[in-house]
**Student:** 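For reference, the structure I am asking about is given below.
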Amino acid sequence: MLFDNGVDTPEVSEHRDRLRKLIGTRIRPTLTHAENAGLFPREVMTHLGAADIIHDRWRGHHGDRGRAALLHEELAAAGCGGVAVGISLTLETVTGILRRFARGPAQMQALDGLLDGRLVGCLGASEPTGGSDLLGMRSTIRRDNDGWRVRAEKKFLSLGQVCDFALLLCGAQDSDDDPHAARPLTLVMVPRDALRIVKPLSKIATSSLDTTWMRCDTWVPDDAVVGRVGLGLPIIGHGLTQERYAIAAQVLGLGSRAIGLTAAHLHRRQQFGRPLVQHQALRLRLADLAAQLTTLRYGVYGAAATGDGALAVRDAAALKVTATRLVEQVTQECMHMFGGAGYLTDETPMARLWQEARLGRIGAGTDETMWELVAGGIQPDFESYRREVDLTPPNLGAINA
């Protein structure tokens with residue numbers, strides 16, 4: 001694994017340089033066209049596959065999370081925006097799910113295509129009325145001969161227009177099912193040509209990542225079910241754990257980009273007869289932000305270097321919510337230090353960086369959903385509480401005497 005001997009070794013530096021060269025020559029040139037078209041450029045996955053970046057990331061039992069960290073950090077630091085998010089969705093979330101749970105020829109062929117960079121997959125969970133409430137799922141699959149009838153509607157289907165297939169979370173419905181009964185949540189794979197566009201969604205950021213309201217009414221064979229019927233939530237949870245870690249690495253890259261741009265601006269911009277960096281208030285504010293970002297960097301890298309590469313659901317949630325909230329503050333403060341120019345989208349990228357960081361607090365689960373996951377794992381220390389906390393009321397009779 002990349003971080004086996006530490007996070008600052010010649011091997012790590014060499015891999016980072018390799019990623020920067022690939023991003024600069026193969027991925028950044030796609031950004032302008034992708035943003036104008038509003039579609040994720042599929043060819044970036046081809047480039048990553050040809051360079052063995054995807055295979056290297058998923059080498060070993062749990063994959064190499066150190067390689068994932070550097071890839072997503074460097075993509076964001078290079079200003080790849082929605083393209084960076086789209087890469088993480090198909091490379092981390094969808095590939096992570098199929099790598100662990102794929103069964104049968106169709107799913108294994110899809111996994112091989114993802115690892116080679118030939119295919120793009122997407123994941124659909126949130127519905128028009130549901131958001132993060134996955135237990136309120138209305139999309140269904142129902143037994144139909146030797147397969148399933150899939151009737152689903154997903155509002156935030158990123159990569160939906162360019163994917164080869166989608167993994168959709170649905171409730172398994174019996175033929176005589178009570179329409180109000182709870183249905184076992186199940187993940188099912190459907191081809192792109194089964195998806196119909198309801199409405200392309202216009203977002204404040206990541207315009208190079210198509211996000212679309214889509215629905216489908218189609219038949220799929222029995223082996224389109226990923227894992228087993230009723231295991232949809234734990235399966236999708238595994239994929240979202242990979243995505244949440246990638247988001248933490250991405251916003252780390254966003255924060256680094258914001259700090260670097262702001263430092264250059266403070267050195268170049270003259271106010272009151274001297275460079276802004278010579279004004280102590282601004283210099284120390286930037287230092288505070290940089291210090292917090294350093295702490296985040298070691299948290300992201302540490303999560304990759306710990307144990308056998310596995311990452312607990314609650315740990316990924318904690319890392320994601322902490323990283324996104326911190327980097328939103330970092331980008332906001334950096335935008336402020338650019339003064340009025342920070343708000344001008346045709347003169348500086350600062351507002352865009354803030355918008356992209358802000359989006360991270362919603363994608364793959366809101367702050368509140370992340371906190372609920374973390375809260376469920378907090379262990380009370382009853383023994384220390386018993387020894388060290390005394391809330392017994394005083395003996396009022398003895399005091400009055």
Side-chain angles (χ1 to χ4, degrees), residues 1-4 11-12 14-31 34 40-78 80-102 106-123 158-159 162-167 189 192 208-209 226 238-250 253 300 303-304 309-311 316 364:
M1 300 296 105
L2 185 63
F3 287 169
D4 277 354
E11 183 184 7
V12 172
E14 180 181 344
H15 188 66
R16 191 187 294 276
D17 290 342
R18 178 186 170 206
L19 289 173
R20 287 178 175 175
K21 181 178 180 180
L22 178 67
I23 291 167
T25 59
R26 295 295 188 179
I27 296 179
R28 278 193 58 83
T30 70
L31 298 183
F40 176 79
R42 289 175 52 102
E43 63 267 27
V44 299
M45 301 309 301
T46 304
H47 297 318
L48 292 174
D52 277 336
I53 298 299
I54 306 174
H55 274 287
D56 286 348
R57 185 271 177 262
W58 284 110
R59 203 176 305 281
H61 185 60
H62 295 290
D64 191 333
R65 202 175 301 280
R67 293 181 187 274
L70 291 195
L71 172 62
H72 300 302
E73 178 189 4
E74 290 299 327
L75 284 166
C80 292
V83 172
V85 177
I87 289 172
S88 70
L89 290 175
T90 191
L91 187 151
E92 299 293 337
T93 318
V94 178
T95 304
I97 287 173
L98 289 185
R99 191 173 181 273
R100 180 165 178 179
F101 297 102
Q107 292 180 29
M108 295 306 299
Q109 288 173 11
L111 176 59
D112 288 342
L114 291 170
L115 292 171
D116 291 341
R118 293 181 287 106
L119 299 182
V120 171
C122 71
L123 175 69
S158 293
L159 301 176
V162 301
C163 70
D164 296 284
F165 65 90
L167 303 180
M189 185 168 71
R192 166 63 184 90
S208 54
L209 173 67
V226 180
H238 174 76
L240 290 175
T241 294
Q242 319 308 318
E243 183 179 345
R244 288 162 186 162
Y245 180 77
I247 289 173
Q250 284 170 356
V300 170
L311 185 60

**Student:** Roughly how far apart are I23 CD1 and L71 CG, rounded to 0.5 Å?
**Tutor:** 6.0 Å
**Student:** Taking all heavy atoms of L311 and all of A316, pick out the closest pair and write down the distance.
**Tutor:** CD2-CB, 3.7 Å
**Student:** Considering all heavy atoms of both residues, which atom of A110 and which atom of M189 are nearest to each other, and what is their separation?
**Tutor:** CB-SD, 4.2 Å
**Student:** When rounded to the nearest 0.5 angstrom, what distance separates CD in E74 from NZ in K21?
**Tutor:** 15.5 Å
**Student:** Say whether, by atom type as modelled, one donor and one acceptor occur between the side chain of R244 and the main chain of A364 under 3.5 angstrom.
**Tutor:** yes
**Student:** Return the set of residues passing side-chain contact (heavy atoms from CB on, under 4.5 Å) with D116 (not counting sequence neighbours), or none when no residue passes.
**Tutor:** H55, R118
**Student:** According to side-chain hydrogen bond (donor to acceptor under 3.5 Å, both in side chains), does anything in residues 81-102 pair up with another residue at least two apart or in another chain? List the pairs.
**Tutor:** R57-E92, H72-E92, S88-Q250, T93-E243, R100-H238
**Student:** Taking atom CZ of R192 as the centre, report whether more than 12 heavy atoms of other residues, nucleotides or ligands fall under 6.0 Å from it.
**Tutor:** yes
**Student:** Rounded to the nearest 0.5 Å, what's the gap from CZ on R65 to CG on L70? Could you check?
**Tutor:** 13.0 Å
**Student:** State, to 0.1 Å, how close M1 and G63 come at their nearest heavy-atom pair, and which atoms those are.
**Tutor:** SD-O, 3.6 Å
**Student:** Kindly compute the distance separating NE2 (H47) from CD1 (I27), expressed to the nearest 0.5 Å.
**Tutor:** 7.5 Å
**Student:** Would Y245 and V300 satisfy side chain to side chain contact (heavy atoms under 4.5 Å, CB included), going step by step from the backbone distance to the final call?
**Tutor:** CA-CA 8 Å; Y245 180 77; V300 170; 3.6 Å; yes
**Student:** Which atom names give the shortest non-hydrogen contact between G66 and A304, and what distance separates them?
**Tutor:** N-CB, 3.6 Å
**Student:** Got a donor-acceptor contact below 3.5 angstrom from the S208 side chain to the L31 backbone?
**Tutor:** no
**Student:** Nearest 0.5 angstrom please: L98 CG to Q109 CD, how far?
**Tutor:** 12.0 Å
**Student:** What is the minimum heavy-atom distance between S158 and C122, and which atoms define it?
**Tutor:** O-CB, 3.2 Å
**Student:** Please round to the nearest 0.5 Å and tell me the distance separating atom CG of L159 and atom CG of L123.
**Tutor:** 10.0 Å
**Student:** With sequence neighbours left out, write down each residue that passes side-chain contact (heavy atoms from CB on, under 4.5 Å) with I54, or none if nothing qualifies.
**Tutor:** M45, L48, W58, L91, L115
**Student:** Sub-3.5 Å donor-acceptor pair from the side chain of R67 to the main-chain atoms of L2, do we have one?
**Tutor:** no
**Student:** If you take all heavy atoms of F40 and V162, which pair is closest and at what distance?
**Tutor:** O-CG1, 3.7 Å
**Student:** Hey, mind stepping through E14 and D17 against side chain to side chain contact (heavy atoms under 4.5 Å, CB included) and telling me if it holds?
**Tutor:** CA-CA 5 Å; E14 180 181 344; D17 290 342; 5.7 Å; no
